[in-house]
Structures are given as structure tokens and as C-alpha cells.
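Let me begin by presenting the structure, written as C-alpha cells, before commenting on it.
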Amino acid sequence: MNFAQIILPLNLKGTFTYKVPEDLMEKIEVGMRVLIPFGGKKIYTGIVAELFDEFEDSFVPKEIINLLDSQPIVPKQQLEFWNWMSSYYLCNLGEIYRFAFPSSLKLESETYVRLLSERTIDWQNLDANETYLLQALEVRQMLNLQEIEAFIPKKEIIKTINALIDERYISVDEKITEKYKAKEIAYLRINNEELKIKNSLAEIISSLKNARKQQELFLLILDKETENPEKPIRKSEIFDEGNFNNSQLKSLIEKKLVQEYYLEKDRIDSYEGELEEIEQLTENQKLAVSEINKAFQEDKNVLLHGITSSGKTHIYLEKIEDCVNSEKNVLLLLPEIALTKQITIRLEKKYGKKLGFYHNKLTDFERVEVWRKIKKNELQILIGTRNSLFLPFENLGLIIVDEEHDSAYKSRDSNFFFNAKDSAMMLAEFYNSRMVLGSATPSLESYDLAMKDKIRYVPLNERFGNVDVPKFEIIDVKEAQSQKKIIGNFSQKMVDEINLQLEHKKQSIILHNRRGYANVIECETCGHVTYCSNCDVVMTYHKSANELKCHYCGHRAGKPTTCPSCHGANLNTKGVGVEQIEEETQKIFSEAEVDRMDVDAMRKKFAYEKLYEKLENGETDILVGTQMISKGLDFENIELVVIPKADALIYVQDFRAEERAYQLITQVAGRAGRVSGEGKILIQTYNPSHSIFELIKNQNVKEIYDYFLDERKKFLYPPFVKLIMIELKHRKEDKLNRASQFLGSVLRKYIPEECILGPEKSPIARINNLYQYQILLKFPKNKNYKIYKELLSKSLEEFDEITAYKSIKRDFLVDF
DNA sequence: AGCACGCCGACT
DNA sequence: GTCGGCGTGCTC
């Protein structure tokens with residue numbers, strides 16, 4: 001093959017054509033990494049997407065510099081997956097490639113400055129920066145731009161370098177450096193060759209009699225080797241045990257008596273304890289497993305709808321075991337790795353070294369190691385967050401998406417938007433493998449698919465050990481207020497119930513899903529509130545840090561003591577945050593140990609681990625927290641969950657607000673009475689007649705989902721339509737406004753009016769100094785979707801023709 | 001995404 | 001007058 005289409009790690013449309021040099025023609029394959037020149041002098045690592053022979057175009061392709069792999073590093077299923085993602089989520093292949101790969105696998109050239117020796121330096125005629133740079137280069141012959149930044153201001157670097165190039169003192173070069181380095185550990189061994197030559201051990205030992213320490217060291221190593229010939233002797237271990245120094249060791253090495261050697265070590269320690277068998281299933285669980293098996297035989301994927309603590313994990317384990325037994329691999333997706341200890345511990349004990357983890361907390365080198373192990377098929381089971389969808393699986397047989405409703409699967413930590421749950425379904429298809437979605441509160445979309453038997457619905461309605469489900473009670477705040485039975489944000493009833501738990505040494509959870517102490521600090525005199533300087537939002541008051549924070553850009557400001565506008569001293573807080581609820585709780589239950597769990601409290605190192613311990617040991621009596629507390633806290637001693645301000649969960653302007661409220665409340669409720677079956681949930685609201693509370697209270701799945709489906713049908717939301725949100729952003733509002741209007745008009749030229757909403761200002765009109773506009777597309781779900789999507793692409797091409805609008809940043813949120 | 005080229009404001 | 005700002009265009 002003479003030519004190749006290459007995916008570059010850049011946010012550019014499509015692929016680029018390169019010529020395959022003669023000597024690589026035999027070796028090159030689709031999915032390999034190649035080194036290619038691009039632009040002026042930059043060198044990037046690209047991926048071979050396609051190979052072909054005929055090439056006819058006006059430009060002359062450059063040549064591939066080299067191959068980086070002897071075998072494809074991206075399996076063809078992954079390439080298919082990338083292509084699908086690119087067209088479905090309207091993003092460039094290069095962005096996907098960049099997101100998919102650990103950066104150490106993407107070599108990139110770096111610009112270096114080098115000292116030329118052809119001219120003697122005339123130090124008199126140099127300015128300060130030039131002098132610094134040349135002096136630095138006399139010490140170290142090569143420097144990269146970052147290193148230079150340390151002693152020359154950023155904006156003066158280019159000038160300085162150019163001046164010195166003109167004087168022919170220096171030159172610039174591009175250099176590629178291998179980033180990944182295996183971690184190596186030093187070991188020692190007796191040099192047996194030498195021993196054979198010398199013929200006598202005693203002779204050697206006596207030869208060292210004038211160097212007592214060396215003799216001692218030699219004997220120690222010899223001792224260890226005889227003791228256990230199989231076990232390598234770590235250098236650090238020797239130095240730990242005896243009082244030796246490096247020069248003594250060096251002498252022994254010079255005398256060829258001892259050898260030092262290195263072995264590569266995994267950065268990730270895998271479990272090496274005893275392996276355990278998995279537990280027996282209950283009758284109910286066995287039934288669910290056989291349902292799943294039946295579905296798989298019919299080539300159907302599964303939605304496992306198991307109520308909280310029904311033992312979905314057991315069923316996963318069973319299916320994982322089946323898959324592993326048939327020599328195939330498993331991917332288990334979790335929303336966040338840190339909050340799901342239980343499941344990982346159990347799997348570790350069953351599979352030990354065959355289990356791998358992949359998530360955002362790993363360092364880049366650790367990612368590379370997992371990547372390689374997956375590639376070499378050393379891991380049979382991978383537990384990971386959504387970025388593990390891109391690992392180079394070879395033989396995937398099963399994908400499990402746990403807590404499939406979780407919004408973390410749609411998190412926006414990548415440049416492009418994608419839903420990991422839906423993507424997993426496609427990935428499963430490309431690998432011809434099966435998939436299980438699991439949740440106690442499935443997303444409406446998955447539930448709808450299941451009802452239509454597009455995926456098989458497998459319910460699991462019994463709590464493990466046949467324990468009772470928690471009981472819900474709705475408390476009318478208005479009524480409590482009129483009867484004067486209210487203390488701050490808590491009704492008397494709520495306080496009594498918590499006291500009851502404290503008496504019985506049981507733990508309680510208080511859910512309040514709003515960060516900070518108060519939503520805003522307001523001046524009573526003039527009404528002034530502090531806005532974030534970068535965003536169009538008011539700043540939230542955090543009492544624990546005693547500062548104002550912007551939850552959108554992270555900007556922080558000191559807490560004002562007087563009004564910044566009228567200098568009045570009458571400042572008041574508005575809107576209750578979780579810190580305030582915590583403070584109030586501590587006041588009311590002064591004897592109790594109260595802890596708070598939210599992103600702010602968990603930011604400190606090991607904060608989560610410490611809190612987890614406290615909860616497990618029963619030291620914490622009352623846990624106050626945001627939605628974070630709905631995940632992973634499976635403790636036996638929690639029996640009460642209270643939600644003092646449940647209305648805040650519902651009146652959010654988002655068509656999914658009620659669905660989320662239902663999921664959150666049900667998930668938190670599931671923490672209560674897991675063993676005793678005495679779980680109790682108290683929900684305080686001003687609107688006890690709101691249907692959502694009635695539905696949550698009854699926990700009748702069909703009723704709840706029918707209600708949601710009705711609402712969505714009425715107002716045309718998913719799953720009845722497909723949504724695409726176009727976000728447009730720019731620093732200049734007028735330009736953005738013009739561009740948005742233009743895009744709106746182009747879209748309306750091709751696509752029916754009723755499918756297009758906007759453009760309009762986003763609810764938060766400015767984030768991080770970027771103004772935000774949005775256009776919402778509601779496309780039909782039938783065959784027309786594809787047609788409309790093509791019309792959208794056509795509109796975008798037309799929009800792109802206006803060069804002035806190229807600087808407008810656009811994001812597409814497909815199925816957001 | 002980077003990098004070069006080209007046209008307008010604030011400084012020696 | 002120049003230096004340096006960023007708006008624009010291009011990269012196989």
C-alpha cells in the first residue's frame with residue numbers, strides 16, 4: 001500500500017493523507033501509530049486509519065517518518081467505534097484519539113534551543129535576556145521552551161531567541177522524546193560465572209578479609225541466595241538490613257563478585273492475597289440470571305432493574321464468571337471509581353491479578369501500563385470509568401454499565417460530549433459482545449427501551465435477605481409552621497425521629513443538595529449581591545472556607561464585612577446550603593457527632609477514606625451531605641434518611657429535574673435499613689400534593705415511569721424526540737449574537753421550524769468570560785433522524801463558510 | 001491545535 | 001518611527 005489516511009491528535013476535521021515510504025510498506029497496518037511531520041516542523045504521532053494505493057489530488061502528500069508499533073495498537077473495533085462517535089456526537093476523530101490515548105503514547109516533538117559553536121560570543125553587545133540564555137546554554141547545551149521560561153518572561157522569549165539566531169549563536173531544533181519510562185527496581189545477585197572461574201568460595205571470602213564490610217555484604221547476599229534461590233534480592237532490602245554503603249557494593253561489583261541488575265515493576269499493585277469463590281445466589285437472583293441468559297441467547301441486551309440492596313452485584317459477578325469461563329473479557333463501567341469500594345474488593349478477591357482498574361485518578365504512566373496489559377490480554381476484567389471505553393480490548397464478551405442512570409456517564413470532562421452508556425451499547429455491538437445495564441432507578445430512556453423489548457427487562461424486586469423496603473413519609477412544612485412545630489429548617493417530627501435514632505445508636509442521613517453555606521450574601525439596605533467577575537452568576541458563600549465561590553469557574557473572593565456598594569453593615573444570607581444545614585444540625589443535636597459529605601469537604605486528601613472509617617465504626621451519628629451521599633455508602637447501621645428541603649430538588653429548570661429527584665431520593669433511601677428492614681425516609685415539602693412526592697412515597701415503578709413518560713410525551717422530550725443542543729461561545733457578545741442568529745437562519749432553511757428552538761442566551765449567559773448562546777434541536781426519532789442530522793451537517797458547513805465566525809466555539813450535545 | 005502572516009494602537 | 005496586539009488562514 002502506497003498511501004495512508006492518518007488520524008492526527010488535533011481538533012481538525014477528517015484524516016490526512018501521507019505517503020508510505022518503501023521500507024515501511026510491508027510492515028504498516030491499520031491501527032498502528034506513525035510519526036508524521038505536520039505544518040512547519042512539528043512532528044506528531046498519528047494513527048493509521050486506512051491504507052490504499054491510488055492517490056489523485058492536487059497536493060503532494062508528505063512521507064511518514066516512521067512506524068511506532070510492530071502490531072496495531074488500536075483494534076479495528078475501536079476504529080469503528082471512533083468513527084461512529086465522530087459522526088453521532090458531531091466531533092472530530094482527532095479529539096477522540098486525544099481523549100482515548102494516555103498522553104505518553106502520543107509522542108510529540110518539542111522545540112529545543114541549541115548552542116552553536118561557530119562564533120565566539122561578544123558578551124558586550126547582548127541584553128540581559130540574551131546573556132542569561134547563552135549562559136544557561138553554556139552549562140546545558142540544549143534547553144526546551146519551558147526550561148527557558150524559568151528565567152525569561154514568556155513574552156520576551158521569542159524575541160530573545162530570534163535575535164540570537166540572527167547572530168548565529170544558537171539554532172532551534174525539534175526533538176522527540178519517549179515519555180513513558182518503565183519503573184525499574186535494582187536487584188543484586190552473586191556472579192556465578194566468576195565463582196566458577198575462581199573455583200573456590202572460601203578463596204573468595206578470604207580474599208576479602210582486608211575489607212570486612214565487603215566480606216559481610218558478600219556473605220549476606222550469598223546467604224539470601226542460598227536461602228531462597230528463586231527470590232530476587234532487592235538492593236534496597238540489603239541496604240535496609242545492614243549498615244552498608246554504595247562504595248562497598250561498587251567494589252564488589254568491580255571485583256566481579258556481585259552483579260547489579262534491573263527488573264521492570266508495575267506501578268499498580270494488584271491484589272495478591274487468597275482468592276475467594278463468589279457467594280451463592282438467592283432463588284430470586286438465580287431467576288434473574290436465567291432471564292439474562294435467555295435474553296443473551298436471543299441476542300438481546302439487558303436492563304437489570306434491581307431495587308437498592310437487591311444484590312445486583314451478585315448477578316454481575318455471576319455473569320462475569322460466565323464470561324471469563326468462556327475465555328472472553330469483561331468491562332465493568334462505574335460512574336466513579338472511588339465511591340464504589342465494595343464491588344471492587346469483592347472482584348479483587350475473586351480474580352486477583354486478572355483484574356484491572358482504569359480511571360481519572362491514575363497517573364499517565366499507570367494508564368499506559370493498564371493499556372499495555374489490556375493489549376497483551378493479561379487482564380480479563382477491567383473496572384473503570386467512562387474513559388475505559390477506549391482501551392484496546394481484544395476479546396470483549398460482556399460490558400456491564402452499573403448505575404446506568406448516573407449523570408457521570410454524561411460528564412463533560414472531554415472536549416466533546418458523549419453518553420458513555422449509549423456509547424457502551426455501540427461498543428458492545430462492534431465487539432459483538434453482550435451488555436447489561438444495571439440500576440435501581442433506570443433512566444427513562446433505558447426503561448422505555450426495555451418496555452419496548454429493544455433490550456430485555458429483568459426486574460429484581462426483593463431486597464437481599466428478603467428485608468423490607470424503607471417506608472416513606474411526607475411532611476407538610478406549611479402545616480408544621482402553622483402549628484409552630486418547626487425548628488429552623490426542621491419540623492418537630494423530623495427532630496423527634498432523629499433523636500429516636502440517636503437513642504438507639506443508629507445513624508441518620510440528611511440530604512441537602514446544595515453546596516456552600518448560603519446561596520448568596522445580600523445587602524439588606526441596597527439589595528447588592530456579589531457576582532462572579534468571570535461569570536453571570538451570584539457567588540455562593542462558603543462558611544467553612546469563609547469565602548465566596550463561583551461554582552462555575554472556581555473564582556474565589558473574600559467574604560465582605562460591609563456592603564461593597566453602599567457600605568452598609570446589614571448583610572444577610574439567602575438560600576440555604578448544606579453547610580448551614582450541618583451547622584443547624586449540630587446545634588439541635590449538640591451531643592451527636594455530625595459530619596458533612598460534599599465535594600468541598602472531600603477535597604482534602606483521604607477525607608473520603610477517613611469519613612468512611614468513621615461511618616463504618618459508628619462514630620458518626622448524623623451525616624449531612626449533597627447528592628454524593630447517595631453513592632456507595634452501604635452501612636448496616638443507617639436507618640433514617642431525612643430531606644428537609646425536598647422542593648429544591650424539583651424546581652430546577654431542567655426537563656429531567658423530576659426524574660433526577662426521584663432517582664436521588666430513591667438512591668439515598670436505599671441506604672436506610674439495609675439489614676434491619678426498618679428504614680425510614682422523611683421528606684419535607686411545601687407542596688405535599690405534588691404528584692412526584694406521592695409517586696416516590698408509593699414506590700410503584702410502573703406508576704412513576706408512566707407519569708414521567710406522559711410528561712415527556714406532552715412536552716416533546718426524550719424518549720419521544722432526540723435532542724441536540726448546540727452551544728455557541730465567544731468572548732464578544734455582539735459577535736456571538738450575530739453568529740447565533742445566522743446559524744439559526746441557516747438551520748431554518750433546511751430543517752422544519754418546529755424542530756428548532758432558539759438561538760437564545762443560555763441560562764447562564766457568561767461562564768469564564770465566554771458568552772453563551774444555545775440552539776436546541778428536537779429531532780424525530782424515526783428514520784428522519786438521519787436525514788435531519790445530515791441537514792444539520794450541511795447547515796454547519798454553510799455556517800463555516802463565514803470566516804469571521806470561525807472563532808466562535810461550538811459544542812454539540814447529542815442526547816444530553 | 002499551533003504557527004505564520006498581516007494590519008492597527010501605545011511606546012522608546 | 002517600531003513593537004506587539006490578535007484576527008485570519010493553513011496544515012496532508
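Every chain is numbered from 1 and lettered A, B, ... according to where its sequence line falls, protein lines coming before strand lines.
- A search for ring pair (Phe, Tyr, Trp, His ring centres under 6.0 Å) contacts involving A:Tyr785 returns nothing, not counting sequence neighbours.
- Judged by closest nucleotide on DNA chain C, A:Lys159 is the one of A:Ala804 and A:Lys159 placed further toward the 5' end.
- Remark: A:Lys789 is positioned above the aromatic ring of A:Tyr88, its terminal NZ or CZ atom under 6.0 angstrom from the ring centre and at most 45 degrees off the axis.
- Where DNA chain B meets chain A (any atom under 4.0 Å from a heavy atom), the bounding nucleotides read 5' to 3' are B:dA1 to B:dC3.
- Nucleic acid contact class of A:Lys806 (heavy atoms, under 4.0 Å, all strands): none.
- Among pairs with a residue in residues 11-20 of chain A, those fulfilling side-chain hydrogen bond (donor to acceptor under 3.5 Å, both in side chains) read A:Gln5-A:Thr15, A:Gln5-A:Thr17, A:Asn11-A:Asn92, at least two apart in sequence or across chains.
- Among residue pairs with one or both ends in residues 113-155 of chain A, none qualify as ring pair (Phe, Tyr, Trp, His ring centres under 6.0 Å); sequence neighbours excluded.
- Among the protein residues, A:Phe38 comes within range of the nucleic acid bases, having at least one heavy atom under 4.0 Å from a base atom.
- Listed by chain and residue number, A:Thr45, A:Ile47, A:Leu68, A:Asp69, A:Ile73, A:Phe101, A:Leu105 satisfy the side chain to side chain contact (heavy atoms under 4.5 Å, CB included) test with A:Arg33 (two or more places apart in sequence, or in another chain).
- Within the structure, salt bridge (Lys or Arg N to Asp or Glu O under 4.0 Å) contacts touching residues 121-147 of chain A (residues at least two apart or in different chains) are A:Arg140-A:Glu147.
- For the side chain to side chain contact (heavy atoms under 4.5 Å, CB included) test, no residue two or more places apart in sequence or in another chain qualifies with A:Ser87.
- A:Phe16 meets the ring pair (Phe, Tyr, Trp, His ring centres under 6.0 Å) test with A:Phe38; sequence neighbours excluded.
- If you check every strand for non-hydrogen atoms under 4.0 Å, A:Thr17 touches a base.
- The span of DNA chain C lying next to chain A, judged by atoms under 4.0 Å from heavy atoms, is bounded 5' to 3' by C:dG4 to C:dC12.
- Within 4.0 Å (heavy atoms only), A:Leu8 reaches no atom of the nucleic acid at all.
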